[in-house]
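Below: one structure, written as structure tokens.
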Protein chains: 2
Amino acid sequence: MDKFTIKDIAKLSDVSTATVSNYLNGNYAKMSPNTKEKLANIIEKTNYRPSTTARNLAKNENKTIGVSVADITNPFTSPVISGISERCSEYGYKLVFTNSNNDEQKEVENINRLLEEEVAGLIIDPVNPNSNTYQRLSNTYTVIVDRQAQRSIIDTITTDNMKSVELMTQKMLDAGYTDLYFVTWPLSGISTRINRYTGFKNATKYTNDEHLLTIPYDYESSDDDSFTQTIRQIVTSSHGKLGFFTMNSRVLQNFLKVTQSLNYTYPDDFGVATYENFDWMQLMTPGISCIRQDSVAIGHAAMDLLKEKLSTNYTSEPAPRMKTIPTDIIIRESF
Amino acid sequence: MDKFTIKDIAKLSDVSTATVSNYLNGNYAKMSPNTKEKLANIIEKTNYRPSTTARNLAKNENKTIGVSVADITNPFTSPVISGISERCSEYGYKLVFTNSNNDEQKEVENINRLLEEEVAGLIIDPVNPNSNTYQRLSNTYTVIVDRQAQRSIIDTITTDNMKSVELMTQKMLDAGYTDLYFVTWPLSGISTRINRYTGFKNATKYTNDEHLLTIPYDYESSDDDSFTQTIRQIVTSSHGKLGFFTMNSRVLQNFLKVTQSLNYTYPDDFGVATYENFDWMQLMTPGISCIRQDSVAIGHAAMDLLKEKLSTNYTSEPAPRMKTIPTDIIIRESF
DNA sequence: CTGTTAGCGCTTTCAT
DNA sequence: ATGAAAGCGCTAACAG
């Protein structure tokens, strides 16, 4: 785009490139007010912009952090990015972004690309936190968000999954619900899902998985698929007071679509609550009780932690830390 | 992270850096099968990754495109990014991302940063398309999405705003609605809003702005604010069959919150339709009629166009083109 | 205060 | 088929 280099500016200003460089880096102490002003003018006039690439190479540093998200389509994701992005610009980092579309293979490629880029640090919203792709990463420059590995070696930031679900389930219990179901995408070893389910079991004291209802990740309700049948069966044969907890907003949507097609209504035919909070849940009639997680805060925390790590000098691989961001519970009229 | 450079590899392999470079670039014709294999082994063993920074500098090219979005929090934004991101990786570009949080000043900084980065191209979801920040950009390497400048000099991709709203409004008219209102954030010269409103006026033939209802961008309904009062006033005093068209999903949410607080229900007390489609609109009872825009397609189109531009050699600034992505209309029971 | 110069890691003629 | 060497645009000693 621009053809000007530091040499051109030096020539035009009748100084050396070193002086120009000093000017560029704010080392004004090293030059007379005169040259400083001259430089200011010329640079302004020529609209000269130093090449970040060359700078990075020369200083052997790269103020960029790489972000790899599992699925940008997930409504959880954009607030997290927003939080990261905010902190990035505060801290003077730029953000290069990759989306893996829930494809592990794609994620590996993305991470490789980012590594080649020589990003200073990595923030990963992992497709499968138990994958061994992350083994090769160092905890000195990466942090994981949202999903947590079974046996993690990397700092990770999650929301308070277990406790909050336990609490919400308890609320349903307190409201007299005796027959509770947990609706989720396949657990697949994914911590977010497992922890939420564990919270559910802690509260209900269910000892087996008979109250675990699983729908495929890409579930689209159709006429009378097996999930629809299951729900019908449960609703018609339940003895106690029947309630459902859905594992996130998308599962909730699928669930409600099914119950609507079945002509069941809440809170009459069943009670319902969900993880995640979105504006529309308040608009539903009745409003949906839910657990609100602060996704922006996750982004903030991730970048804060990363920055801290990047500015400390580790002599050895630091032990992984976990940070959980608190949630709160919103009770509406859905149970 | 890695300490290995091309020199190390050259030394280890007993060849020159030139040969290593050739290997790296797939110029296998320029070396014996022997050296090729030797290199392959050593590189594999050392886990060597060439520095993109150095490559960029040497080749004086940068396969990255910069994306500046107005507000990543807007649900419209992430599918667009998703589309761009998909094409980016197909085309071998990386994506550096900035969010302006609807702040023009921030956007200027972001664009400057991207320019300094020497990105190959720019995709901008503009805060204010009529700002003169964009004047300094060249149409050879940038494309604008979503919002269109009054007098544009840059290729832009938008959805079919005017026609689709005209069509939807016509549907309401056909359904017997005689008293229609357009609810929007302040028009503020923003093409998206203006075009949608124009479509509305085209259909209704209203000649003044008495049927234009504006809420602040950051509107939060409170007890009995002026918008709430306006709505109450309109509903109670309307003579004909009353309907509302909301300019996007967030306006719809605000609008529905207000009507709910007023204890009005649709489609009895009023009919309603909106721009934008989200899953939850189908869950509402009754379902909301809406205009579905294909945001992912916008992202695709933007990157496709950009790629085409980047690979053509312009001798002069190309004339700006407009591309509009078709929408479709989903009729449910809200009017 | 200012200039010289040797890199940063890689690419790319041009020789050999 | 391989290597020497001159850059790419900038930074950072080191001299002066």
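Nothing here was measured: the structure is a model prediction, and the numbers come from that model. Chain naming here is simple, since letters A, B, ... match the order of the sequence lines and numbering starts at 1 in each.
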Heavy atoms under 4.0 Å is the rule here; annotate nucleotides 9-16 of chain C 5' to 3' with B where the base is hit, S where only the sugar-phosphate is, and - elsewhere. BBBB----
B:Glu37: partners by salt bridge (Lys or Arg N to Asp or Glu O under 4.0 Å), with sequence neighbours left out: none
Which residues pass the side-chain hydrogen bond (donor to acceptor under 3.5 Å, both in side chains) test with B:Ser68, sequence neighbours left out? none
Which residues pass the ring-ring contact (aromatic ring centres under 6.0 Å, His included) test with A:Tyr314, not counting sequence neighbours? none
Quick one: salt bridge (Lys or Arg N to Asp or Glu O under 4.0 Å) partners of B:Glu86, sequence neighbours excluded? none
The salt bridge (Lys or Arg N to Asp or Glu O under 4.0 Å) partners of A:Asp155 (sequence neighbours excluded) come to A:Lys309, A:Arg321
Partner residues of B:Arg87 under the salt bridge (Lys or Arg N to Asp or Glu O under 4.0 Å) criterion, sequence neighbours left out: B:Glu90, B:Asp304
List in chain and number order the residues that pass side-chain hydrogen bond (donor to acceptor under 3.5 Å, both in side chains) with A:Thr35, two or more places apart in sequence or in another chain; answer none if no residue qualifies. A:Ser32
Angle between the end axes of the helix from C:dC1-D:dG16 to C:dT16-D:dA1, five pairs per end, to the nearest 10 degrees? 40°
Can you give me the first and the last nucleotide of DNA chain D (5' to 3') that has an atom within less than 4.0 angstrom of a non-hydrogen atom in chain B? D:dA1 to D:dG9
Quick one: salt bridge (charged side-chain N to carboxylate O under 4.0 Å, His left out) pairs with a partner in residues 129-143 of chain A, sequence neighbours left out? none
Counting only N and O atoms by type, is there a donor-acceptor contact under 3.5 Å from the side chain of B:Asn27 to the main-chain atoms of B:Lys30? no
Can you tell me which residue pairs pass the ring pair (Phe, Tyr, Trp, His ring centres under 6.0 Å) test with a partner in residues 7-38 of chain B, sequence neighbours excluded? B:Tyr23-B:Tyr28
